[in-house]
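What follows is a set of notes on a single structure, which appears directly below.
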Amino acid sequence: MARQRPPAPWVAALAGPHDTPSQALVLEELRAAILSGRVRPGAPIPVDEVAARFSLSSIPVREALKTLVAEGLVTHQVRGAYVVARLTREELAELYVVRASLEHAAITAAVSRATPADVGTAAAALRELEAATARGGSADHHRWSRRFHMALLAPCQMHRLLQMLEGAWNVTEPGRPMSHASPQATAALAADHVGMLDAFAARDAAALVELTDVHYRRLQGIVADLPADP
């Protein structure tokens, strides 16, 4: 009798059967694994291994994967296999345009409605981001960069816009494009963040818009220097 192949390491790290198994849990765990970078773009998602990990049939796993396909995080291939979506350099550049446009749409309202508590939340996120950058951890850096940006925008109270921004950010996240940034580019992005927080705290929407423009031009420069097949 053939020995059963052990699951892929990232599958073995999922929450597994000690939690209450459900389609929602599978979806949450798979999304987290992709966004954290534990499973890389282009990697196959073994449906049977994931189902076995959660002591479920393949049906709820496939339903969860359909949701991730709709979110742009997973690709369903012609022969039925599922793989983590891999974006081209051009697609990444397009999504950064989308992100910049959505942030611009939220900035003025966010600044005018921000409370001292909102400024404190953004400042705390920036401290965590600076600590993550100093440690050199790509996953932590991306996570706290996202939280900092979203902290600046959350007071806008435009919930559908923020939902669209979260979706665009999700799709750019797995490839970790900022892990390719040079030390000089990383330092420049960090300085942008400090200036953005200062403008936010001063309720200076015009300055925050200008700094956000500069910040996204830097990001586009990094994306332009990525390998053609990241």
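Positions are given from 1, in the same order as the sequence printed here.
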Next item on the list: Could you tell me whether the side chain of Arg86 and the main chain of Pro41 form a donor-acceptor pair under 3.5 Å?
Entry: yes
Notebook entry, point to check: Do Leu162 and Met150 have side chains that get closer than 4.5 Å, going by heavy atoms?
Noted result: yes
Note to self: Within the 4.5 Å heavy-atom criterion, are Leu219 and Leu189 side-chain neighbours or not?
What the structure shows: yes
Next item on the list: Quick one: closest heavy-atom pair of Ala199 and Ala207, and the distance?
Entry: CB-CB, 4.0 Å
Next item on the list: Output yes when Lys66 and Glu63 qualify as a salt bridge under the 4.0 Å nitrogen-oxygen rule, no when they do not.
Entry: yes
Check: Nearest heavy-atom pair of Ala64 and Leu27: which atoms, and what distance?
Finding: O-CD1, 3.6 Å
Check: What's the verdict on salt bridge (charged side-chain N to carboxylate O under 4.0 Å, His left out) for Glu173 and Arg143, showing C-alpha distance, side-chain angles and the deciding distance?
Finding: CA-CA 9 Å; Glu173 197 86 336; Arg143 180 170 68 252; over 6 Å; no
Note to self: Testing the 3.5 Å rule here: is there a donor-acceptor pair between the side chains of Glu103 and His149?
What the structure shows: yes
Notebook entry, point to check: Which heavy atom of Leu197 sits nearest a heavy atom of Val119, and at what distance?
Noted result: CD1-O, 4.2 Å
Item checked: Under 3.5 Å side-chain donor-acceptor pair for Asp118 and Thr121 -> no
Check: Can you check whether His193 reaches Ser145 side chain to side chain, under 4.5 Å on heavy atoms?
Finding: yes
Notebook entry, point to check: To the nearest 0.5 Å, how far apart are NE2 in His76 and CG in Leu65?
Noted result: 8.5 Å
Checklist line | Min side-chain heavy-atom separation Arg31-Leu73 under 4.5 Å | finding: yes
Check: Quick one: does Arg203's side chain have a donor or acceptor within less than 3.5 Å of a partner on Ala114's backbone?
Finding: yes
Next item on the list: Would you check if the side chain of Glu71 reaches a backbone N or O of Val171 as a donor-acceptor pair within less than 3.5 Å?
Entry: no
Margin query: Restricting to non-hydrogen atoms, name the atom on Val98 and the atom on Ala168 that form the minimum distance, rounded to 0.1 Å.
Written below: CG1-CB, 4.2 Å
Item checked: Min side-chain heavy-atom separation Leu30-Tyr82 under 4.5 Å -> no
Next item on the list: Return yes if some donor-acceptor pair links the side-chain N/O of Arg53 with the main-chain N/O of Ala12 below 3.5 Å, else return no.
Entry: yes
Next item on the list: Check Leu208 against Val111 and note the closest heavy-atom contact, atom names and distance.
Entry: CD2-CG2, 3.6 Å
Margin query: Less than 3.5 Å apart, any donor N or O on the side chain of Thr172 or Arg99 sitting next to an acceptor on the other?
Written below: yes
Margin query: Are Pro46 and Val11 packed together at the side-chain level, in the sense that at least one heavy-atom pair is separated by less than 4.5 angstrom?
Written below: yes
Notebook entry, point to check: Is it true that a side-chain atom of Arg147 and a backbone atom of Ala125 form a donor plus acceptor pair closer than 3.5 Å?
Noted result: no
Margin query: Nearest 0.5 angstrom please: Trp169 CH2 to Met164 CE, how far?
Written below: 15.5 Å
Checklist line | Heavy-atom pair with the smallest gap, counting every atom of Arg89 and Leu226 | finding: NH1-O, 2.8 Å
